[in-house]
2 protein chains.
Amino acid sequence: MNDTEETPGRSERRDAAENRQRILEAALRLFEQQGVEQVSMNQIAIEAQIGPGTLYRRYRNKGELCLDLMKENIVLLFENIETHLKQHRADPPSQRLKGLLALFIRFREKKSQLLTGVEESASTNRFKSRTQSPLYLELHELLVELFDEMKVDGQSSPNQPDSVFKADMLLMALSSESYLFQRDERGYSPEKFLEQIWLTFHS
Amino acid sequence: MNDTEETPGRSERRDAAENRQRILEAALRLFEQQGVEQVSMNQIAIEAQIGPGTLYRRYRNKGELCLDLMKENIVLLFENIETHLKQHRADPPSQRLKGLLALFIRFREKKSQLLTGVEESASTNRFKSRTQSPLYLELHELLVELFDEMKVDGQSSPNQPDSVFKADMLLMALSSESYLFQRDERGYSPEKFLEQIWLTFHS
DNA sequence: TTGACAAGCGGAGACATCTCCGTTTAATAT
DNA sequence: ATATTAAACGGAGATGTCTCCGCTTGTCAA
């Protein structure tokens with residue numbers, strides 16, 4: 001939970017660890033007060049009493065910071081998903097898909113603002129790489145497995161799109177931009193959204 | 001073609017019209033030299049020899065400017081689509097959908113950079129309102145009609161998602177973020193992408 | 001022609017992102 | 001203890017977005 005970096009290389013310097021704490025606390029405080037969207041990296045640096053350079057050394061953008069603030073919840077999400085998939089091993093894959101989607105949507109509701117924060121900076125910055133975040137990579141893998149299983153069972157239509165492609169499309173459909181638009185503009189409740197998205201991708 | 005504004009109210013002031021021309025020419029020049037992505041509103045203002053305020057008065061962001069530069073092509077796109085739909089009136093709706101998608105993908109390839117420009121500023125700014133652009137609204141309408149028709153024909157699965165929802169998802173799938181990722185990272189050619197997207201949404 | 005005035009202009013400036021680099025400092029070796 | 005050094009710091013500044021507002025200028029009516 002402590003490892004922002006993969007390489008265990010050497011332990012974090014004391015002052016650095018201190019600053020990391022300061023940043024996370026400051027960000028959390030400001031996010032709660034003003035909403036993720038409204039808070040700038042600058043404000044966070046000031047609130048944490050560090051220079052902008054120090055903040056950017058650790059988090060290249062607000063998205064990475066948001067991701068760090070969600071680490072625990074993401075781990076929990078995947079634990080829940082694993083559990084669910086195991087418990088329903090016997091169900092048809094499209095049913096397990098629905099369960100997975102339900103869990104993800106619940107997660108997305110709980111961490112709505114932070115997730116949006118992640119996605120916005122991710123697409124502003126890297127090579128369109130919201131899709132590279134470990135969160136999405138891991139979900140993608142699970143989805144591909146499920147879709148492949150559906151194909152084999154093959155009660156459904158004869159020619160289906162590639163599972164990788166289909167998983168990509170489903171993840172687009174689950175993005176903040178898509179989900180919040182459906183919820184806030186089209187007026188779908190989370191449950192209705194789940195129903196619709198499942199109908200769109202289950203076969 | 002001249003109407004950036006809906007209200008015909010009163011004709012454009014002479015100096016304003018002049019500036020509009022200057023802006024469009026400057027933008028086109030810079031976009032060609034450096035690519036849409038790399039050019040800032042600032043540079044455009046300087047190249048057009050006007051103040052930043054003047055530029056922003058006319059175009060609230062780079063996206064609007066890109067849209068204006070594409071106006072003609074968008075009109076042509078819709079003419080092509082209308083023509084195609086009429087000529088294939090007798091074909092099954094899913095076939096007409098494929099034609100429409102092919103036309104859109106061709107358009108998207110031709111105007112790739114500008115379209116990305118539109119979508120990026122649109123989502124950075126307004127209420128997630130890439131979806132509000134007339135381009136997408138009009139496409140959405142056409143898609144809904146086709147999906148509704150497919151439902152009625154009803155050879156396909158019994159319960160389908162709402163056509164509005166499905167059209168929204170399809171448009172997400174056709175966005176720059178999605179399309180360019182598939183093309184550049186997953187390595188799908190435009191033709192393969194068309195095939196896959198059609199398989200995903202035709203039923 | 002002239003006067004009035006809405007529309008347009010433009011640049012200063014508020015803020016934001018992000019980088020560069022000289023300085024400081026914690027950790028480790030001696 | 002002290003020296004060494006890689007890492008971390010911090011803030012100035014380059015560049016960008018976007019707004020505000022006093023000034024200028026077409027346009028139209030008289």
Side-chain angles (χ1 to χ4, degrees), chain A residues 3-5 7-24 26-27 30-31 34-66 117-118 120-127 129, chain B residues 3-24 26-27 30-31 34-66 117-127 129:
Chain A
D3 52 345
T4 297
E5 298 304 326
T7 43
R10 174 181 294 165
S11 70
E12 204 174 28
R13 235 170 74 168
R14 205 174 56 248
D15 54 349
E18 212 168 277
N19 278 330
R20 162 197 299 285
Q21 255 334 91
R22 290 248 283 275
I23 292 171
L24 291 176
L30 291 176
F31 286 170
Q34 321 186 23
V36 175
E37 194 99 9
Q38 294 310 308
V39 178
S40 72
M41 288 295 264
N42 240 341
Q43 285 178 67
I44 296 171
I46 292 169
E47 177 84 9
Q49 290 177 289
I50 60 175
T54 305
L55 178 54
Y56 276 97
R57 144 184 305 277
R58 198 171 301 277
Y59 301 107
R60 263 173 314 189
N61 53 57
K62 216 167 66 175
E64 290 193 358
L65 213 178
C66 290
V118 171
E120 283 191 350
S121 331
S123 50
T124 294
N125 286 348
R126 280 314 86 227
F127 215 157
S129 68
Chain B
D3 52 346
T4 297
E5 298 305 326
E6 312 298 312
T7 43
R10 173 182 294 166
S11 69
E12 201 174 30
R13 236 170 73 170
R14 205 174 56 249
D15 54 350
E18 212 167 278
N19 279 330
R20 161 199 299 286
Q21 250 341 87
R22 289 249 282 274
I23 291 171
L24 291 176
L30 292 176
F31 287 170
Q34 321 186 23
V36 174
E37 194 98 10
Q38 292 312 307
V39 178
S40 73
M41 289 294 264
N42 240 341
Q43 285 177 66
I44 296 171
I46 292 170
E47 177 84 9
Q49 290 176 288
I50 59 174
T54 304
L55 178 53
Y56 276 97
R57 143 183 305 277
R58 197 170 301 279
Y59 301 107
R60 264 174 316 196
N61 53 57
K62 216 166 66 174
E64 289 194 357
L65 213 177
C66 289
V118 171
E119 293 181 11
E120 282 190 351
S121 332
S123 49
T124 294
N125 287 347
R126 278 315 88 226
F127 215 157
S129 67

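Lettering of chains follows the sequences in order, A, B, ..., and the numbering in each one begins at 1.
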Practice task
Return no unless some side-chain N or O of Asn19(B) is found under 4.0 Å from OP1 or OP2 of dC9(C).
Solution key: yes
Completion exercise
From CD of Glu64(B) across to C1' of dC18(D) the rounded distance in Å is 13 Å
Fill in the blank from the handout: Rounded to whole Å, CD of Glu37(B) lies from P of dG16(D) at a distance of 13 Å
Completion exercise
Looking only at heavy atoms, the pair that brings Gly117(B) and Cys66(B) closest together is CA-SG, 4.1 Å
Exercise for the section: Report yes if at least one side-chain N or O of Thr54(B) is closer than 4.0 Å to OP1 or OP2 of dG10(C); otherwise report no. Expected result: yes
Handout entry: Leu24(A) versus Tyr59(A), closest heavy-atom pair with distance
Key = CD2-OH, 3.6 Å
Practice task
Taking the side chain as every heavy atom from C-beta outward, state whether Glu120(A) and Lys62(A) have any atom pair closer than 4.5 Å.
Solution key: no
Completion exercise
From CD of Glu120(A) across to P of dT17(D) the rounded distance in Å is 17 Å
Completion exercise
From CD of Glu12(A) across to P of dA8(D) the rounded distance in Å is 8 Å
Problem - Set of residues satisfying salt bridge (Lys or Arg N to Asp or Glu O under 4.0 Å) with respect to Arg14(A), sequence neighbours excluded - result: none
Problem - Gap between atoms CG and C1', on Leu55(A) and dA16(C) respectively (whole Å) - result: 13 Å
Problem - Nearest-angstrom distance from the residue atom CD1 of Ile23(A) to P of dA8(D) - result: 12 Å
Fill in the blank from the handout: By side-chain hydrogen bond (donor to acceptor under 3.5 Å, both in side chains), Gln21(A) pairs with (sequence neighbours left out) Glu25(A)
Exercise for the section: Send over the distance from Leu30(B) CG to dG16(D) P, rounded to a whole Å. Expected result: 12 Å
Ignoring hydrogens and angles, write down the donor-acceptor pairs under 3.5 Å from the side chains of residues 38-56 of chain A, residues two or more places apart or on other chains.
residue: Ser40(A); atom: OG; partner: Asn42(A); partner atom: N; Å: 3.4
residue: Ser40(A); atom: OG; partner: Gln43(A); partner atom: N; Å: 3.1
residue: Gln43(A); atom: OE1; partner: Gln34(A); partner atom: NE2; Å: 3.4
residue: Gln43(A); atom: NE2; partner: Gln38(A); partner atom: O; Å: 3.4
residue: Glu47(A); atom: OE2; partner: Arg29(A); partner atom: NH1; Å: 2.5

Practice task
With a 4.0 Å heavy-atom cut-off, tell me which residues in residues 40-49 of chain B come close to DNA chain D, sorted by residue number.
Solution key: Ser40(B), Met41(B), Asn42(B), Gln43(B)
Exercise for the section: Applying salt bridge (Lys or Arg N to Asp or Glu O under 4.0 Å), name anything that partners Arg57(A), two or more places apart in sequence or on another chain. Expected result: none
Please list each protein N or O that sits under 3.5 Å from an N or O in nucleotides 21-26 of chain D, with the distance.
residue: dT25(D); atom: O2; partner: Arg13(B); partner atom: NH1; Å: 3.4

Exercise for the section: Send over the distance from Tyr56(A) OH to dA8(D) C1', rounded to a whole Å. Expected result: 18 Å
Exercise for the section: Indicate yes or no for a side-chain donor-acceptor contact from Arg20(B) to the backbone of Arg58(B) under 3.5 Å, with no hydrogens or angles considered. Expected result: no
Handout entry: Backbone of Glu64(A) reached by a side-chain donor or acceptor of Asn61(A) within 3.5 Å
Key = yes
